[in-house]
Each structure stands twice: as structure tokens, then as C-alpha cells.
Amino acid sequence: MAGWQARREPLVFAALLPTLIALSTAGDTLAPGYRLEDGSSLVSSDGSFKLGFFTPGKSNLRYLGISYNQISDQTVVWVANRNSPLPDRTGVLSFSSNGSLSLSDSKGVVYWSTPSTTPAWPVAKLLDDANFVVVGAGEGGYAWQSFDDPTDTLLPGMKLRVDRRTGFTRNFTSWKSDDDPGTGDYTLFIDSNGDPQIFLLQGTKLVWRSGPWVGEGFSGIPEMWNNDMFNFSFVPGTEEAYYLFNSRNKSVQSRLVVQPKGLIERRVWIQSRGNWTVFWSWPSDECDSFGHCGNFSVCDDNESPACSCLQGFEPNSPDNWNLRDAKDGCRRRTAVDCQNGTDGFVLVANTKLPDTSAAVVNENMGTKECWEACLRNCSCTAYATAEMIDGGRSRCILWSTALTDLRVYAEGGQNLFVRLARADLGTTGENYL
Ligand SMILES: *[C@@H]1O[C@H](CO)[C@@H](O)[C@H](O)[C@H]1NC(C)=O
Ligand SMILES: *[C@@H]1O[C@H](CO)[C@@H](O)[C@H](O)[C@H]1NC(C)=O
Ligand SMILES: *[C@@H]1O[C@H](CO)[C@@H](O)[C@H](O)[C@H]1NC(C)=O
Ligand SMILES: *[C@@H]1O[C@H](CO)[C@@H](O)[C@H](O)[C@H]1NC(C)=O
Ligand SMILES: *[C@@H]1O[C@H](CO)[C@@H](O)[C@H](O)[C@H]1NC(C)=O
Ligand SMILES: *[C@@H]1O[C@H](CO)[C@@H](O)[C@H](O)[C@H]1NC(C)=O
Ligand SMILES: *[C@@H]1O[C@H](CO)[C@@H](O)[C@H](O)[C@H]1NC(C)=O
Ligand SMILES: *[C@@H]1O[C@H](CO)[C@@H](O)[C@H](O)[C@H]1NC(C)=O
């Protein structure tokens, strides 16, 4: 008798299938009409990532998210309903034939959904790089992708990008806390103005910038310059500007995370310890704090005080400056001349280049042409040349505003040439070239 009953069960299951199609095993795809219930997950085809329901830290709420599948701790890299958690385990992700994903509870309340995109024969699929996508049959692009709605984590191969035609940016925003993936205070994105830079905002306040790309890394991230663990790409194209990284050793897992307290951390997985370590993090010192020394000044972490005015400049508010509040920055001692070609430039070596969001970039321009271009334009306050992405050729960066957020390093960094009137050039009388 027991044997008879055992054989019946699969039949009962099969009969139920058309009305309640739930995935409980490891597929990577949801077809229209299929659902993913709490307790089930999708797993990418190579087994790297899974999409399923989770409860973070000390919370008791439920979220739908993507995490590593082969790493022992629960490391979440993307959250769908970060600001509208489910109160219980009745959550269901369903996928409709109009291409829309929808997360709802047993009462049919919708907690999160994607727009209906109506591609032909859509499927929703978790890819090996952790991108959860909606794609139509035979269609090249994605009708929707989780990479366009990032949470706080940049993964290998994922673009930190801005679409320069539409202005659409991928914003990476910290969790509120380790227990709450809700939208936190800190946002990381690429700003495509001037020479593109990565910005970290706290609310609407700029707290850190990467500086422009200078060939092998960003001007403000010395750790990138001579690093052989990772391979970085930066493409400041006219249609899109983006940054991405890959581990050179494919078995090294790494991710970039914007932490709730505002640190951008690169973490790597230590297999033998079963834990993530912080490989590096920014901002790293007071000089990384945006505008710490005000305008026309330079921040040097190896000096005390760290702030000093550039040669030819003096504090705007000497009283505050002497009390180590440098925010008001510095002003010129002598107005530039511009008329009779007497202005010159002073070299500031080993710099994190000043904010380039209002700078003008001339591609394929060497040092001499760059110097000339700056000298002949009276509004030009400084120039620098930086290596092109593919090395070799150089491009010329011209500033015409105040120089902000300039710092110097003990070694490495870029040469910056600051325009001064003859009187401020000093005895060396430098007139760069
Ligand atoms: C797409 O389909 C879902 C489920 O059938 C429905 O709830 C939603 O309203 C549809 N969206 C549009 C724009 O038709
Ligand atoms: C990204 O953040 C910036 C700065 O806060 C904001 O202007 C922009 O609208 C955001 N973009 C998206 C797609 O959320
Ligand atoms: C890394 O290096 C390879 C070959 O050296 C190159 O094809 C790839 O585009 C580089 N960049 C990234 C981010 O992987
Ligand atoms: C790649 O990384 C793994 C894990 O850390 C290590 O065991 C292996 O030796 C590395 N391979 C190379 C070529 O460095
Ligand atoms: C993992 O690292 C964190 C800090 O990053 C530490 O607090 C924790 O104790 C570590 N756990 C193990 C098992 O080493
Ligand atoms: C610094 O320069 C910027 C850009 O020119 C300007 O908007 C800002 O007011 C200046 N800050 C101070 C404290 O002078
Ligand atoms: C030309 O430069 C000299 C300094 O060498 C200065 O005294 C003079 O005022 C300048 N002339 C003009 C027209 O600015
Ligand atoms: C001088 O520089 C300003 C600011 O970059 C720019 O708007 C202007 O076109 C330049 N003038 C010339 C003649 O290049």
C-alpha cells in the first residue's frame, strides 16, 4: 500500500503544475507565467550567483536580492525591494508576458516591479556576472537589467557608467545600515562634466572625487597606479563614459562597495579564512575630503598643518586660516597680466589634479601646445597633460575656474602648471614649457 501511495504523489504534483508553477530548483530563467517563491532561487548557469529571498543582519524583514552562490557568508550584491521590504515569507516574484517582473505578497500587494517592456517571447534570466535581465527572443539588448538599477556594489565587468546622450547615470547608493538595505546617505557615480570623474556624494554634498583618469588609474587613487591584481578600464566616450574592473586572476573574487558610513571599499574574498578583507578604501585621509583646503590651495597629508596656499596666493580669511579652518581658501597676490605676455607658470609636482568638472580637455595635445593654449587665454588658470587611455599620446587639460581640491603626494601623481603674474613667479622666474 505504501508503495502505491508513493507512486501517486508525483502525479498529484503534476496535476497541480498548471495552476501553481513555482521554481524550487536551480534554473537561471523565469519564463512568462512562472513564479519564484520565498525559499526558492534562481542560480546563474555557472553557479556564481543566486537570486532569492533573504533577511539581512538583525532585521526580520524579507528582501529579494542577488548574492554569491559559492561563497559561504551571505554577501548580497543587489536588492530589488530595498525600500519596501516584505513583512513575511509569502513573497512571490512573478514574470508576466508583457515583460514585467513583479514582487508581491499573498494578498497581492506589490512591493517592487519593473516596467512592462513587451519584447517578443520575453524571459527573465540571471546571468553569470550577476546581471538579472529581461530579454526578448533574438533581441540584442536588454529590455530591463538590474545593472541599470544598482544597489551599493560594483562587480567585475559591471560598468560604472553615465550615458552622455540621455544623462542617465548608474548610482551606487549605500545601505542605511548593515541590517537595512534601504537607500542610505552615500552615492557613487560618474560625473561626465569636463574631464569625467567619479564622485561620492553624501546627500547632495560632494565629499570625495576620484580625479580624472590619467592613464593607469584615477589621479586621486594612487593605489591603482602600479597594481597588478586588477585590470581597470576607463572609457570617456562621447556616447557613454564608464569605468570597470576585472581581477587578473579569475579565481580572486572582488567587489567595490559603498558602505553605510561613506567609505568606498574594495573587498577581496579570502577563501582559506572564509571572509572578505578590505583591499583598499577611500576617502583615506583629510586631504581626500573634497575642498578641505578651499580654492587655490594645496593639501599635503605629510605636513602640519596640511593646507597651504599655492605659490603666489594668500589666505582669503587669515584669521580662520590660522585657526586651521582653510575652507575659505586663498586668493591671488598679484592679478595676472595677460596683456604683454609676462605671465608664467609655477610647477606643482606630484598632484592629485584639481577638480576637472569645469575643465576643458583637448585630445592629442602635447605639453608645448597645452602651455601655449593656456598662456594665450587670459581666463586659463592652470594646465596639465595626462596620458591617453591607450598610452602614448597625451591630452591637455585646461582650467579656467578656481583650482579646487588639489592635493600632493610624496611620490607619483601629475605635474600641474599654475598661472601666475610675473611678480609672483619668484626668483626662478619659471616660465614653463
Ligand atoms: C503587465 O502584466 C502584469 C501581470 O499580468 C500586470 O499586472 C501589469 O499591469 C501589466 N503591465 C502593463 C503595463 O500592462
Ligand atoms: C543619480 O544621482 C544624481 C546625483 O544625486 C542625480 O542627479 C541623478 O538623478 C541620479 N540618477 C538616477 C538614475 O537615479
Ligand atoms: C584587461 O586586460 C585584457 C587583456 O590584457 C583586456 O582585453 C581587457 O579589456 C582589460 N580590461 C578589463 C577591465 O578587463
Ligand atoms: C589565483 O588565485 C588563487 C587563489 O588566491 C591562487 O591559489 C592561485 O595561485 C592564483 N593564480 C595565479 C596564477 O596567480
Ligand atoms: C571577518 O572580517 C570581519 C571584518 O571585516 C571581522 O569582524 C570578522 O571577525 C571576520 N570573521 C572571521 C570569521 O574571520
Ligand atoms: C571656490 O571656487 C568656486 C569655483 O570658482 C566658487 O564657486 C566658490 O565660491 C569658491 N569658494 C570660495 C570659498 O571662495
Ligand atoms: C606689462 O608688464 C609689466 C610687468 O613686466 C607691467 O608692469 C605692465 O603693467 C604690463 N602692461 C600692461 C598693459 O598690462
Ligand atoms: C578661453 O577659455 C574659456 C574657458 O575655458 C573659453 O570659454 C574660451 O573659449 C577660451 N577662449 C579662447 C580664445 O580660446
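Counting convention: from 1, in listed order, for ligands and their atoms alike.
Close approach of ligand 2 to Phe168 is summarised as follows: ligand atoms under 4.0 Å from at least one heavy atom of the residue are 13 (C). Contact atoms of ligand 8 toward Ser379: 1 (C), 2 (O), 3 (C), 4 (C) (distance under 4.0 Å to a heavy atom of the residue). Those atoms of ligand 2 with a heavy atom of Leu201 less than 4.0 angstrom away are 4 (C), 5 (O).
With contacts defined as side-chain heavy-atom distances shorter than 4.5 Å, the pair Met224/Trp280 qualifies.
With sequence neighbours left out, Glu303 forms a side-chain hydrogen bond (donor to acceptor under 3.5 Å, both in side chains) with no residue at all.
Sorted by first and then second residue, the ring pair (Phe, Tyr, Trp, His ring centres under 6.0 Å) pairs with a member in residues 304-343 read Phe296-Phe313; sequence neighbours excluded. Pairs engaging residues 186-208 under the ring pair (Phe, Tyr, Trp, His ring centres under 6.0 Å) rule: Trp208-Trp282 [sequence neighbours left out].
At a 4.0 Å cut-off, not a single heavy atom of Cys380 sits close enough to ligand 8 to count as contact.
Aromatic pair Trp78/Tyr63: ring centres not closer than 6.0 Å. Side-chain rings of Phe417 and Tyr383 approach one another, their centers coming within less than 6.0 Å. Separation of the Phe234 and Phe218 ring centroids falls under the 6.0 Å cut-off.
Sulfur-to-sulfur, Cys378 and Cys338 sit under 2.5 Å apart at their SG atoms.
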Practice problem: Take Cys287 and Cys293 through the disulfide bond (SG atoms under 2.5 Å apart) test and state the conclusion after the steps. | Solution: CA-CA 8 Å; Cys287 293; Cys293 298; 5.8 Å; no
N/O contact list for ligand 6, threshold under 3.5 Å:
| residue | atom | partner | partner atom | Å |
| --- | --- | --- | --- | --- |
| ligand 6 | 2 (O) | Asn295 | OD1 | 3.3 |
| ligand 6 | 2 (O) | Asn295 | ND2 | 2.3 |
| ligand 6 | 11 (N) | Asn295 | ND2 | 2.9 |

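Residue-level proximity to ligand 2 for Thr204 is absent, since no heavy atom of it falls below 4.0 angstrom. Contacts of Asn171 with ligand 2, taken as heavy-atom pairs under 4.0 Å, involve the side chain alone.
Ligand 2 has no nitrogen or oxygen under 3.5 angstrom from a nitrogen or oxygen of Thr187.
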